[in-house]
Visitor: 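Shown below is the structure under consideration.
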Amino acid sequence: MQRKRYAPGRTGSAARTAVVLALGLGLGTGLTGCSAGTPADDIAVDAKAGPAAPVAPPGRYRTLFEPCGAVPQATLKDLLPGAAALPHAERDRAYRGAAAVTYDTDRRVGCTWKADSPDTSHRLTLDIERVVSYDTTVSDADRAQEVYVRKQLAAGIPVPPTAPPTTAPTPSTPPASGQTPGKTPPGTAPTPRDPEATTPPGTTPAAGAAAGSGAPTGTSPAAPGTPGAPGATGLEPRVLDGLGDIAYLDDVLSKVGGSGKQRAVRVVFRTSNVIVTVSYQEQTTGSAEAPDSAELQEKARNLARLLAERLEE
């Protein structure tokens, strides 16, 4: 009987072990390939979603201060002169003020003080509103500006236009050789930009321009009700500078009853997403003169500046 030729190599158990190892490596490679494909799928989904919309920044203020305690008693004594003659209990009550009823003191607060005397009565009211934008693309400060502009327009005070951006001046062309700077070469007509070229001898440039156009000299006439207009006293309803981000003052004189007169001064200013309104009224009776506009405006503006400083703390 012929024997099989012996070939050195793996035995049966060794071969089986090699097959198992090969299958394990193949399975591991397949799992690795599947797990490596997951981030690619995620990237594809994110790319379809597109870039996230920018979120507008929140407002500077998240809460409001207590209004009835924000006005010092010394200021109240100046604003409510009739309170000094009241009995002690009534005087204390007048200086404490009455808080406005609001549903969310983080969004809106207010307070009112009043004091009456036989001939005059004074009333002071504070209204403080924190504006919140529920549109993520509009900031709280921008939304507060929209609310403020509506208040100013309702008072009949126009909003100043935004100044256009200034452009850099064009560099002038250097004079030709042999030409004196500022002189027109002989035989060349002067350009209209030269005031001396269009002004008759013996007249100023402004007068010459007025004579040629028939228009009055000087700047364009101011709008009625603004400082600088004919008959203006500087006490008309107007935009105020140096108070908050933007501010205005309104002043209204009206008749009350048969012979009474009431003047109401209102100062409104915005700081970021907070709008503050200071209303100060004085009413006279009988033959008393009308309340002085300058005095009431000064007192209202001083209190508004005090509250603006409080917001900066």
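This one's a predicted model, so the numbers in the text were calculated from it and none came from an experiment. All values below come from the heavy atoms of this structure, side chains included, with hydrogens, waters and symmetry mates left out.
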Visitor: Indicate the atoms forming the closest heavy-atom contact of Ile128 with Leu64, along with that distance.
Guide: O-CD1, 3.7 Å

Visitor: Hey, does Pro160 have a side-chain heavy atom less than 4.5 Å from the side chain of Val239?
Guide: yes

Visitor: Mark yes when over 12 heavy atoms from residues, nucleotides or ligands other than Lys261 sit less than 6.0 Å from its NZ; otherwise mark no.
Guide: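 More than 12 heavy atoms, drawn from other residues, nucleotides or ligands, come within 6.0 Å of this atom.
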
Visitor: Tell me whether Val132 is reachable from Val276 by hopping between hydrophobic residues (I, L, V, M, F, W, Y) whose side-chain heavy atoms are closer than 4.5 Å.
Guide: no

Visitor: Walk me through whether Gln152 and Val268 qualify under side-chain contact (heavy atoms from CB on, under 4.5 Å).
Guide: CA-CA 8 Å; Gln152 181 170 325; Val268 182; over 6 Å; no

Visitor: To the nearest 0.5 Å, tell me how far Arg143 CZ sits from Tyr134 OH.
Guide: 11.0 Å

Visitor: Between Leu126 and Trp113, is a side-chain contact (heavy atoms from CB on, under 4.5 Å) present by the stated rule, with each step listed?
Guide: CA-CA 9 Å; Leu126 295 186; Trp113 300 262; 3.8 Å; yes

Visitor: Starting from the C-alpha separation in whole Å, work towards a yes-or-no answer on side-chain contact (heavy atoms from CB on, under 4.5 Å) for Val265 and Asp250.
Guide: CA-CA 6 Å; Val265 174; Asp250 192 17; over 6 Å; no

Visitor: Considering non-hydrogen atoms only, spot the tightest contact between Cys68 and Gly97 and give its length.
Guide: SG-C, 4.4 Å

Visitor: Between Thr120 and Ser117, do the side chains contain an N or O donor and an N or O acceptor separated by less than 3.5 Å?
Guide: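 A pair is found: one side chain offers a donor N or O, the other an acceptor, under 3.5 Å apart.
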
Visitor: Taking the basic N atoms (NZ, or NE/NH1/NH2) and the acidic carboxylate oxygens, is any pair closer than 4.0 Å for Lys299 and Glu295?
Guide: yes

Visitor: Is there a side-chain contact between His122 and Pro81 (heavy atoms, below 4.5 Å)?
Guide: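 Sidechains of Pro81 and His122: in contact.
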
Visitor: Over all heavy atoms of both residues, which pair between Ser139 and Pro57 is shortest? Give the atoms and the distance, please.
Guide: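 Heavy atoms only, the tightest pair is CB-O, 3.5 Å.
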
Visitor: Heavy atoms, side chains only, cut-off 4.5 Å: are Ile246 and Gln145 in contact?
Guide: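 Heavy-atom side-chain distance check passes, below 4.5 Å.
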
Visitor: Taking C-beta and beyond as the side chain, do Asp127 and Arg108 meet within less than 4.5 Å on heavy atoms?
Guide: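 Heavy-atom side-chain distance check passes, below 4.5 Å.
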
Visitor: Considering residues, nucleotides and ligands other than Glu298, do more than 12 of their heavy atoms fall under 6.0 Å from its CD?
Guide: no

Visitor: Mind running side-chain contact (heavy atoms from CB on, under 4.5 Å) on Thr112 and Leu124 for me, showing each step along the way?
Guide: CA-CA 6 Å; Thr112 300; Leu124 171 66; over 6 Å; no

Visitor: Ring pair (Phe, Tyr, Trp, His ring centres under 6.0 Å) with Tyr148: which residues, sequence neighbours excluded?
Guide: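 With sequence neighbours excluded, Tyr148 shows a ring pair (Phe, Tyr, Trp, His ring centres under 6.0 Å) to Tyr248, given in chain and number order.
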
Visitor: If I take atom OG1 from residue Thr284 and atom CG from residue Asp292, how far apart are they, to the nearest 0.5 angstrom?
Guide: 11.5 Å

Visitor: For Ser272, is there any backbone N or O sitting under 3.5 Å from a side-chain donor or acceptor partner on Arg270?
Guide: yes

Visitor: List the atom of Ala304, the atom of Phe269, and the distance in Å for their closest heavy-atom pair.
Guide: O-CE2, 3.6 Å

Visitor: Identify the residue among Asp140, Asp142, Val147 that makes a side-chain contact (heavy atoms from CB on, under 4.5 Å) with Asn273.
Guide: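 Between Asn273 and the candidates, side-chain contact (heavy atoms from CB on, under 4.5 Å) is satisfied uniquely by Asp140.
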
Visitor: Before giving the answer on side chain to side chain donor-acceptor pair (under 3.5 Å), spell out for Gln281 and Arg263 the whole-Å C-alpha distance, their side-chain angles and the decisive distance to 0.1 Å.
Guide: CA-CA 6 Å; Gln281 300 176 4; Arg263 183 176 296 279; over 6 Å; no

Visitor: From the options Leu243, Thr277, Asn302, select the one residue that forms a side-chain contact (heavy atoms from CB on, under 4.5 Å) with Val267.
Guide: Leu243

Visitor: Can you find a pair of side-chain heavy atoms, one from Val274 and one from Glu129, that are under 4.5 Å apart?
Guide: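 They are not in side-chain contact.
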
Visitor: For Leu249 and Ile157, work out which heavy atoms get closest and say how close.
Guide: O-CD1, 3.3 Å

Visitor: I need the minimum non-hydrogen distance between Ala83 and Ala115, along with the two atoms involved.
Guide: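 For Ala83 and Ala115, the tightest heavy-atom pair comes out as N-CB, 3.7 Å.
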
Visitor: Are Asp245 and Thr271 close enough that a side-chain donor and a side-chain acceptor fall under 3.5 Å?
Guide: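 Per modelled atom types, Asp245 and Thr271 side chains form no pair under 3.5 Å.
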
Visitor: Which residue pairs pass the side chain to side chain donor-acceptor pair (under 3.5 Å) test with at least one member in residues 52-73, sequence neighbours excluded?
Guide: Arg60-Glu312

Visitor: Is the NZ or CZ atom of Arg310 positioned over Phe65's six-membered ring, under 6.0 angstrom from the centre and within 45° of the axis?
Guide: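 Yes, Arg310 sits over the ring of Phe65.
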
Visitor: Give a yes or no on whether the backbone of Glu236 and the side-chain of Arg238 come within a donor-acceptor separation of less than 3.5 Å.
Guide: yes

Visitor: Can you confirm whether Lys77 sits close enough to Thr75 that some side-chain heavy atom of one is under 4.5 Å from a side-chain heavy atom of the other?
Guide: no

Visitor: State plainly whether one hydrophobic cluster holds both Val256 and Val252, where clusters connect Ile, Leu, Val, Met, Phe, Trp and Tyr through side-chain heavy atoms under 4.5 angstrom apart.
Guide: no

Visitor: Just verifying a value: how many Å separate Leu240 CG and Arg305 CZ, rounded to the nearest 0.5 Å?
Guide: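 Taking CG in Leu240 and CZ in Arg305, the distance rounds to 9.0 Å.
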
Visitor: Does Arg266, at its CZ atom, have more than 12 non-hydrogen atoms belonging to other residues, nucleotides or ligands within less than 6.0 Å?
Guide: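 Atom CZ in Arg266 is not crowded, with 12 or fewer foreign heavy atoms closer than 6.0 Å.
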
Visitor: Output yes when a side-chain donor or acceptor of Ser133 lies under 3.5 Å from a complementary backbone atom of Val138, and no otherwise.
Guide: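 Present.
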
Visitor: Would you confirm whether Glu282, through its side chain, and Leu296, through its main-chain N or O, come within 3.5 Å as a donor-acceptor pair?
Guide: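 No: the side chain of Glu282 does not pair with the backbone of Leu296.
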
Visitor: Do Val71 and Leu311 belong to the same hydrophobic cluster, where Ile, Leu, Val, Met, Phe, Trp and Tyr are linked whenever their side-chain heavy atoms lie under 4.5 Å apart, directly or via other members?
Guide: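 Yes, Val71 and Leu311 fall within the same hydrophobic cluster.
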
